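Accompanying notes for the structure given below.
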Amino acid sequence: MIAFVSGPVAALAPDTAVVEVGGIGMAVQCTPGTLSGLRIGQQAKLATSLVVREDSLTLYGFADDDERQTFELLQTASGVGPRLAQAMLAVHSPDTLRLAVANGDEKTLTAVPGIGKKGAQKLLLELKDRLGAPVGTGGAGGAGVGSAVTAGWSDQLHAALIGLGYATREADEAVSAVAPQAEAAVAEGAAPQVSQLLKAALQSLNRAR
């Protein structure tokens with residue numbers, strides 16, 4: 001197993017980072033929150049989980065070991081593959097997920113694209129004794145929440161929503177819905193954070209439905 005990759009960031013895409021390791025570019029699938037903390041040309045260290053399929057080898061990257069471990073534990077529930085596990089971590093931090101499972105909070109889980117009410121109920125039952133108790137503040141957002149994002153937040157958010165399976169029109173509407181929140185952050189001298197904006201955007205999409 002590849003436990004982590006470390007090296008300069010060679011390229012960034014909406015759902016992927018390429019990290020140069022020993023002269024080889026390692027493509028790593030990451031959440032928007034993790035990607036928001038990376039910069040091309042700068043050093044990065046990502047905890048990783050290698051998912052092996054008959055026709056593919058996919059490396060998933062995380063800001064820390066806690067997120068990587070949560071990613072792997074989520075997949076012990078029936079019906080949860082790496083894509084859905086990553087989508088859950090794109091919307092919520094590990095502690096938020098632990099808190100939701102501990103409290104039987106269906107609403108938190110249904111905020112994730114691809115999880116309906118019945119699916120949430122099933123996950124709450126299966127994960128109850130697997131994720132453990134919250135270890136921090138249980139703050140909202142995925143890994144890299146503390147990382148500031150540049151003024152290109154709208155493009156990153158739009159790409160993240162498309163990557164989660166939303167139509168272009170829905171992504172456009174969600175970006176518009178959270179624009180005041182992003183502009184307020186800029187007015188206060190802070191850079192908008194994609195992970196937090198993504199959660200707000202998903203909430204606006206759920207209300208629209």
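None of these values were measured; they are calculated from a predicted model.
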Residues I115, M88; criterion side chain to side chain contact (heavy atoms under 4.5 Å, CB included); working and verdict: CA-CA 9 Å; I115 299 180; M88 294 172 75; 3.9 Å; yes
A side-chain contact here means heavy atoms from C-beta on lying under 4.5 Å apart; do [X] and [Y] qualify?
X	Y	value
P8	Q42	no
V178	L198	no
V9	V18	no
P113	L202	yes
T58	P82	no
D64	E67	yes
L74	Q69	no

Qualifying ring-ring contact (aromatic ring centres under 6.0 Å, His included) pairs, either residue in residues 11-47, two or more places apart: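 ring-ring contact (aromatic ring centres under 6.0 Å, His included) check on residues 11-47 returns no pairs.
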Mind checking side-chain hydrogen bond (donor to acceptor under 3.5 Å, both in side chains) for E72 and listing every partner two or more places apart, or none if nothing turns up?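 In terms of side-chain hydrogen bond (donor to acceptor under 3.5 Å, both in side chains), with neighbours along the sequence ignored, E72 is linked to S49.
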Under the side-chain hydrogen bond (donor to acceptor under 3.5 Å, both in side chains) test, residues paired with R53 that sit two or more places apart: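 R53: no side-chain hydrogen bond (donor to acceptor under 3.5 Å, both in side chains) contacts found.
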Please output the side-chain donor-acceptor pairs of residues 125-135 that fall under 3.5 Å, not counting sequence neighbours, one pair per line with the distance.
residue: E126; atom: OE1; partner: S78; partner atom: N; Å: 2.8
residue: E126; atom: OE1; partner: S78; partner atom: OG; Å: 3.4
residue: E126; atom: OE2; partner: S78; partner atom: OG; Å: 2.6
residue: R130; atom: NE; partner: E126; partner atom: O; Å: 2.9
residue: R130; atom: NH1; partner: T76; partner atom: O; Å: 2.6
residue: R130; atom: NH1; partner: T76; partner atom: OG1; Å: 3.0

Any side chain to side chain donor-acceptor pair (under 3.5 Å) pairs touching residues 4-19, not counting sequence neighbours?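 Pairs touching residues 4-19 that pass the test: T16-Q29.
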Side chain to side chain donor-acceptor pair (under 3.5 Å) contacts touching residues 104-116 (sequence neighbours left out):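 For residues 104-116, and leaving out neighbouring residues, the side chain to side chain donor-acceptor pair (under 3.5 Å) pairs sorted by first residue read D105-T108, E106-K117, E106-Q121.
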With Y60, which residues qualify under ring pair (Phe, Tyr, Trp, His ring centres under 6.0 Å), at least two apart?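 For Y60 the ring pair (Phe, Tyr, Trp, His ring centres under 6.0 Å) partners, ignoring immediate neighbours, are F71.
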Rounded distance (nearest 0.5 Å) linking atom [atom1] of [X] with atom [atom2] of [Y]:
X	Y	atom1	atom2	result
L99	H92	CG	NE2	11.0 Å
T70	F62	OG1	CZ	9.0 Å
L73	R68	CG	CZ	11.0 Å

Does one hydrophobic cluster hold both L57 and V19, with members joined at side-chain heavy-atom distances below 4.5 Å?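 Linked within one cluster.
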Would you name the heavy atoms of [X] and [Y] that are closest together and state the gap between them?
X	Y	answer
L12	A17	CD2-CB, 3.8 Å
A77	L123	CB-CD2, 3.7 Å
C30	L46	SG-CD1, 4.0 Å
L38	A44	CD2-CB, 3.7 Å

Tell me, with the steps shown, if L109 and L124 meet side chain to side chain contact (heavy atoms under 4.5 Å, CB included). CA-CA 9 Å; L109 295 186; L124 290 173; 3.6 Å; yes
Does the pair D65 and F4 meet the rule for a side chain to side chain contact (heavy atoms under 4.5 Å, CB included), with working shown? CA-CA 9 Å; D65 289 333; F4 69 88; over 6 Å; no
NZ/NE/NH1/NH2 to OD/OE distance under 4.0 Å, R98 and D66: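 A salt bridge is present here (some side-chain N lies under 4.0 Å from a carboxylate O).
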D172: partners by salt bridge (Lys or Arg N to Asp or Glu O under 4.0 Å), with sequence neighbours left out: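 With sequence neighbours excluded, D172 shows a salt bridge (Lys or Arg N to Asp or Glu O under 4.0 Å) to no residue whatsoever.
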Taking salt bridge (charged side-chain N to carboxylate O under 4.0 Å, His left out) as the cut-off, I'd like each qualifying pair that reaches into residues 159-169, sequence neighbours left out, listed once.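 Every salt bridge (charged side-chain N to carboxylate O under 4.0 Å, His left out) pair that includes a residue of residues 159-169, provided the two are not neighbours, is R169-E173.
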Got a sec, which residues hit side-chain contact (heavy atoms from CB on, under 4.5 Å) with A179, two or more places apart in sequence or on another chain?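 With sequence neighbours excluded, A179 shows a side-chain contact (heavy atoms from CB on, under 4.5 Å) to W153, E183, given in chain and number order.
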I'd like to check the side-chain contact (heavy atoms from CB on, under 4.5 Å) partners of L59; sequence neighbours left out, ordered by chain and number.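 In terms of side-chain contact (heavy atoms from CB on, under 4.5 Å), with neighbours along the sequence ignored, L59 is linked to I2, V5, M26, V28, T48, L50.
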